[in-house]
Asks: 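Input: one structure, supplied below.
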2 protein chains.
Amino acid sequence: MVTLAEVARRANVTGATVSNVLRNPQKVKPETVERVMAAIRELGYRPNLTARALARGRTSTLALLLSNIANPFYPEFVLAAEREARKRGYFLLVCNTDDDPAITRAYLEQIAGSLASGVIVMNTDLGEGELAGIASKGVAVVLCMWEHVQASRALPCVTTDFAAAGALAAAHLSGLGHRKFGVIFGGGSGGPQTIRLDGFAAALAAHGHSEKSLFIVRAHDSIESGYEAAAGLLRAKPAMTSIFATNDLMAIGAMQAAADLGKRVPDDLSVMGLTDIALAHQFRPALTTVRLPTADIAARSVALALEMVEGGTPAQDVYVVRAPELVVRESTAPAPSRQR
Amino acid sequence: MVTLAEVARRANVTGATVSNVLRNPQKVKPETVERVMAAIRELGYRPNLTARALARGRTSTLALLLSNIANPFYPEFVLAAEREARKRGYFLLVCNTDDDPAITRAYLEQIAGSLASGVIVMNTDLGEGELAGIASKGVAVVLCMWEHVQASRALPCVTTDFAAAGALAAAHLSGLGHRKFGVIFGGGSGGPQTIRLDGFAAALAAHGHSEKSLFIVRAHDSIESGYEAAAGLLRAKPAMTSIFATNDLMAIGAMQAAADLGKRVPDDLSVMGLTDIALAHQFRPALTTVRLPTADIAARSVALALEMVEGGTPAQDVYVVRAPELVVRESTAPAPSRQR
DNA sequence: GTGAAAGCGCTAACAG
DNA sequence: CTGTTAGCGCTTTCAC
């Protein structure tokens, strides 16, 4: 391995100068810069990031804590996060917690303040208090996509307007003439997707629908769970003409349940999701959904974490990234006219 | 940040002893171990992995180079790889190369031998020669899922039997009575999926089918590309009764193309994929495919990389992980009897 | 503008 | 068994 010292020797300067050439070239005489650069090139020198990290007291990696990368939402997020990190010269450590608080803690303890100088926490069963404890050890911690905005937030949070997303779904379904709304209400670790549901329900009320037109079932974020929930819903309320799932995976499961029960989507039943993961447009019928600005949130989270790492203090507690938007595809249609 | 030295002071020993307690407790008197452990607990000491890495000349991270984590194959791989790494006390850096050799090189240069002590390379436009150059700098490089087994491999490679996978598909389709075989032949960076195709074609020949019963179109690994390829194929050869895609994503695209062209799957057309990603069973009709031992390969790759990092020399050049297996689902059926 | 020197926190011989 | 002593490769004042 070629070290700084070897480069220095070859360029007839000391390590300090080489270091300066690499970091503050303007502080070094152009001639010297040239000579050092030449030595670097000739020797094929690459700075050792570990040594640099130790000396500067700060690594060039960021950790991303998520429950399980096999959930198709995360890869989309990770892709965007990694690009932003790379653009800024940082690397991304992907940490699956499997929704296990013990794993989460282990990761946090090992990584925080030693391997990664910043951590983006996407959801977890850990309380904010515990996370704040980690943050107080000098790691930049940013919460991401948290649904439960609390009054006095200890940690900065990057998220989007989940209530507006729910409201968009409600407006669309209501506008199509639906009168009965099945809701598959999901959630994983990090808690239930309450805000999406509240936004949906509130918008429905604003459109003049009574609470009685809503039929809510609980599920968790997977196709299978959405399938079960929808099947139960459709059996219990065969007159249902629309289903809104607080998550695309569950919506896809709902479409499959409808098919298996002989209901055509969207002719007999409209189905909507929320998030707009890639699957939403890949499935047939393509899913009408509310798109969350996933990539923007990812980039913003990384950017915020890095600002904090590099000494900044977050200007706000909560960063709300761009509004969600309705994406109409094939799974929703006007409510079927009543049979007489 | 609590350091080793502080723990040492508190336990009335020197840093070396604390270090030993952490690494070779059997070399330290039980009493002292106790005392040190107590100090560690009281102080909430966590070893600084960066400092440790610098001192040992080896980090506790592994890098995984892949083209794009949004391709649904990768998250499944990453999940398994991360678990294996974590089990062994290592962390996983996920590096998207976006199929860009420049990004790949940049990652390799920055990471290899400084940030990560091992690199798993999943596919790339870089030649083995270039990778071997990196490896010679003291990083453990393992190739993973490479299809092109070369005689004199410079780097160890973990893979599976792709030819057998293709053969399994051929046997299944042939066994169902099909006589015309459309093949969507894919590939991304890392080259075309030649071996899968060869295995398929050879098995077909062995089952007595002439070369003329094969209709091959080229595509790349995505639903969209599979759709286009299948649409072209079905328009050119309307009598086609089966399609084998060398990759599940393309197979899914093929099923969608069939539907759009009014062909029922599997009644009119049987479609098969290869890999068995999660989407294969999530789609309807569920895709018949050949399952690759993805998780095993991931775990084995990580294990091999770590053995090398920890000083071992790979015993073999190529590690072939468990045989692929046929997974029959809903997208294949006996060939429709000929109309007269 | 450049060099000398003192670490960053930990590991690894080697002594004792 | 435990302590001493050098570093690992780089950054960073502070002199010159």
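Below, chains carry the letters A, B, ... as their sequence lines are ordered, and counting in each starts from 1. Only a predicted model underlies this, so the values are computations on that prediction, with no experimental measurement involved.
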Asks: Base, sugar-phosphate, or nothing for B:Asn12, non-hydrogen atoms under 4.0 angstrom?
Replies: sugar-phosphate
Asks: Work out which heavy atom in A:Glu82 is nearest to a heavy atom in B:Asn96; give both atom names and the distance.
Replies: OE2-N, 2.9 Å
Asks: Go through the side-chain N and O atoms of A:Ser117 and A:Thr59 and say whether any donor and acceptor fall under 3.5 Å apart.
Replies: yes
Asks: Take the protein atom CZ of B:Arg52 and the nucleotide atom P of C:dC8, then report the distance between them rounded to whole Å.
Replies: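 For the pair B:Arg52 CZ and C:dC8 P, the rounded distance is 18 Å.
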Asks: Just how far, in rounded Å, is P of C:dG7 from CZ of A:Arg58?
Replies: 21 Å
Asks: Look at the side-chain N and O atoms of B:Ser19 and state whether any lies under 4.0 Å from the OP1 or OP2 oxygen of C:dT11.
Replies: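 So the side chain of B:Ser19 is within the cut-off, an N or O lying under 4.0 Å from OP1 or OP2 of C:dT11.
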Asks: Give one of base, sugar-phosphate or nothing for B:Ser114, where a contact means two heavy atoms less than 4.0 Å apart.
Replies: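 B:Ser114: no heavy atom of the nucleic acid under 4.0 Å.
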Asks: Please classify the nucleic acid contact of B:Thr50 as base, sugar-phosphate, or nothing, using heavy-atom distances under 4.0 Å.
Replies: nothing
Asks: For a quick check of understanding: with a heavy-atom distance under 4.0 Å over all strands, which category does B:Thr14 fall into, base, sugar-phosphate or nothing?
Replies: base
Asks: So which one's nearest nucleotide on DNA chain D is more toward 5', B:Thr32 or A:Leu49?
Replies: B:Thr32
Asks: Without decimals, in angstroms, what is the distance between B:Leu43 CG and C:dG9 C1'?
Replies: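 About 15 Å, once rounded to whole Å.
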Asks: What is the distance from CD of A:Glu34 to C1' of C:dG1, rounded to the nearest Å?
Replies: 16 Å
Asks: Roughly how many Å is it from CZ in A:Arg23 to P in C:dG1, rounded to a whole number?
Replies: 18 Å
Asks: In whole angstrom, what separates A:Asn48's CG from C:dC8's P?
Replies: 18 Å
Asks: Nearest nucleotide by nearest heavy atom, which residue falls closer to the 5' end of DNA chain C, B:Ala16 or B:Leu54?
Replies: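 Looking at the nearest nucleotide for each, B:Leu54 comes out on the 5' side.
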Asks: Hey, which of these two, A:Asn20 or A:Ala51, hits DNA chain D nearer its 5' end, going by closest nucleotide?
Replies: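 The residue closer to the strand's 5' end, by nearest nucleotide, is A:Ala51.
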Asks: Verify the neighbour count for atom CD of B:Glu31: are there more than 12 heavy atoms of other residues, nucleotides or ligands below 6.0 Å?
Replies: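 No, not enclosed.
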Asks: Got B:Thr159 and B:Ile297 here, is their nearest side-chain heavy-atom distance under 4.5 Å?
Replies: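 Result no, sub-4.5 Å side-chain heavy-atom pair not found.
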Asks: At the 4.0 Å heavy-atom cut-off to chain B, mark where contacts on DNA chain D begin and end, going 5' to 3'.
Replies: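 The contact span of chain B on DNA chain D goes from D:dC1 to D:dG9.
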Asks: Measure CG/B:Leu22 against P/C:dT11 and give the value in whole Å, please.
Replies: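 These atoms are roughly 7 Å apart.
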Asks: Just by distance, do the side chain of B:Thr32 and the backbone of B:Val28 share a donor-acceptor pair under 3.5 Å?
Replies: no
Asks: Do the side chains of B:Glu130 and B:Arg105 get close enough for a salt bridge, i.e. N-O under 4.0 angstrom?
Replies: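 Salt bridge flag = yes for B:Arg105 with B:Glu130.
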Asks: Does this structure show an ion pair linking A:Glu6 with A:Arg10, if we count only N-O contacts that are shorter than 4.0 Å?
Replies: no
